[in-house]
Amino acid sequence: MKKSIAVAVALIIAAFTFSAFADPQSEAEKIIRQVDDLMRGKTQYAKIKMTVNNPDWPTPYIYNMESWSEGTEKAFIRILSPAKDSGITFLKIGTEMWQYLPKIDRVMKIPPSMMLGSWMGSDFTNDDLVKESSIVDDYTAALTGTETDGVNGEIIIIELKPRPEAAVVWGKLVYKIRQRDMMPLSVDFYDEDSIAIRRMLYEKVKTSGGRTIPTVMRIVPLEEDKKGRETVLEMTDLIWDKSIKPSVFSKRNLKNAG
Amino acid sequence: MSLMLKMSWRNVWRNKRRSIITMAAIAFCTMLALFMLAYMRGAYGAMIDALVQANIGHLQVQKEGYLADRKLNDVVRNPQEVIDAIAMVPEVKAVGPRVQIPLLVFSGNRTAFAIGLGVDAEREPSISNLPHSIREGEFFAVDDNDGVVVGTLLAKNLQLKIGSELDITGQSAMGSIIQDRLIVRGFVRTGINDLDRNFVIIPLARAQEMAALGDSVHALNVMTTSWEHVWTMQGEINQALKKLGREELVALTWSEVSPGIKQAIQIDAGSGWIFFCILLVIVGFGILNTLVMAFLERMREYGVMLALGMTPGRGRTMILYESVFMAFPGIVAGIGLGMFFAWLAATYGIDIRWFGEGVEEMMAEFGFPMVIIYAKLEIWMIALSASLSFGITLLAALYPARKVSHIEPIDALRFY
């Protein structure tokens, strides 16, 4: 008799414990939304240094650029250096993207067939820049576990799976988020066959423009034939949530010499 | 036995006109076979030469793996030392670099895909006939770094004029965006539509700069004495590369670089051989016809001989001997005539425009730029056409030879 009471009590306690995490899905979505808001803001301006490493090249290719963005809808990028590329601009509105090549004075729309091509030789695709998909709206999130390491302490692992109707290229995303301050640490991108394609690492958490975020993003392709390649984005001079003139996101602005 | 030979020999010359008609049929068969072989050989040789000289060279030295994927990064680094090493290989006449970049080209609001071919204006005349194939304007000079030469068909699509600007974009070997503007200096017509529709020829240094290649190139074209010698040369060049310590490079023959041409020739040769065989069958029936006619004419003669005691076996032997005696002069004459016509076609050529309007265009579409085809005669063709004619004659003679052994002397004597 005593034994069965003990079991019942244990069960009740267990039930309460689980209900504390009531709905692990909505909890995970809350965290993802938080991360997304943190990284994106309503609007964002940044100076970006992009370093593309490829073992086939004698030296890395380094771009400096400026970027303006408004949510996931609009973005404008201007290349500042190297000299050969300076003045190249990109405009993204919705799912469309244009580029302007100053040396031949031509605005070109990036055709859908080139969307999955590399963006300027980096490990980003054009699609990465254009995609309107947001990790909040297009994916369902679920807490799948935790781990601990010496530097970051408790780490939350969240798995994102695309909603059936979402037009996304990935089969699964796995986020690692530091419990202490909800900073993202890494994302693994899997294709539809659950093969890991690339890993994005978030580094150098700094306060810039009044917001504390990881200011370095490192993309490492995981496919065998891309071994040794890596693209590093370093963001500086961040300005958050300051309204950007609509004329910035216009085709006319593509041709402005900045 | 020598009696049979003697009798057959006499029989052949007993009715000269009849025998000469048979010999003429055999001669015609031999001549046709020989001439067709020489013509086909000449045409395919010209086709290979055209492609070799227009673009790919007799051999190409590339980084291993470049051929399959044409990745801009698979380059021949430090090409000068490789050029020097290959130039030392005996029978190598010239070596020159090639850069190949897939591009998007614009003029006004017209756009086209193109292959940007970076060539060294100084070396190019010795490794290709591109500089000699200018239809309009001129090839860019050695010190000209802004010029571009465009294939005639591409130029037409883009409505280019000499002196117009050609805008170029694409992706460099480092993935950066190519944006460049060149000035059209000339239009090139190789006669191979595939090339004339896709080529923009760019000064080497400019191509290397836009594609972020440094001094690297994608291929080194090697010219030797003939496309027939490349298979032994391939080994020698690979040896030289190994000695230089450049084992990442390979020498490829024209047929490896452009397997399409070999396939095109195989397909064409396939239909050529079928045509050839049909012709031989027709000519074979002609020979058979003259032999059968002769057989029927001599029916009474056979009847008499059989009545006098000739065995059927001897009759058979006699007819076969006769056909051999007629085959020899026929074949000799046929070879003489065939060689003469092949020589004419080798010296003066055959203008394919004789075959009709538009043939030239059609051939260009298949990658055949020649208007005049020169035959090429080789020893093996003589041996082959002679043995073919001999075989056909013997085959045709089998029928009357078989027939003669079944003749009833009485019927034969009453034959007419």
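Residue numbering restarts at 1 for every chain, and letters A, B, ... go by the order of the sequence lines. Computed from a predicted structure; not experimentally measured.
The contact between B:Leu104 and chain A is made entirely by side chain atoms (from C-beta outward), counting heavy-atom distances below 4.5 Å. For chain A, no part of B:Asp74 is nearby; none of its heavy atoms comes within less than 4.5 Å. Looking at A:Ile88, the atoms closer than 4.5 Å to chain B (heavy atoms on both sides) all sit in the side chain, from C-beta outward. At a 4.5 Å heavy-atom cutoff, the contact between B:Ile178 and chain A is made by backbone atoms alone. Residue B:Gln179 touches chain A through both its backbone and its side chain, counting heavy-atom pairs closer than 4.5 Å. Proximity to chain A involves both the backbone and the side chain of B:Asp167, based on heavy atoms less than 4.5 angstrom apart. For a residue to count as touching a neighbouring chain, one of its non-hydrogen atoms must lie under 4.5 Å from one of that chain's; by this rule A:Pro82 does not touch chain B.
Checked by atom type and distance alone, the side chain of A:Trp57 pairs as donor or acceptor with a backbone atom of B:Ala173 at under 3.5 Å.
Ranked by heavy-atom pairs under 4.5 Å with chain B, the list A:Gly121, A:Ser118, A:Ser122 is led by A:Gly121. Contact count versus chain B (heavy atoms, under 4.5 Å) is highest, among A:Met120, A:Lys84, A:Met108, for A:Met120. Here B:Gly175 is the residue among B:Gly214, B:Gly175, B:Ser172 with the most heavy-atom pairs under 4.5 Å with chain A. The choice from A:Gly117, A:Pro102, A:Pro58 that makes the most heavy-atom pairs within less than 4.5 Å of chain B is A:Pro102.
Within 6.0 Å of NZ on A:Lys176 lie no more than 12 heavy atoms contributed by other residues, nucleotides or ligands. Taking a 6.0 Å sphere around CG of A:Asp225, one finds it holds more than 12 heavy atoms contributed by other residues, nucleotides or ligands.
Considering only heavy atoms from C-beta on, A:Gln99 comes within 4.5 Å of B:Ile177 through its side chain. Between A:Ile104 and B:Ile168, the closest side-chain pair of non-hydrogen atoms is not below 4.5 Å.
For the atom pair CG (A:Asp105) and CZ (B:Phe106), the distance works out to 12.0 Å, reported to the nearest 0.5 Å.
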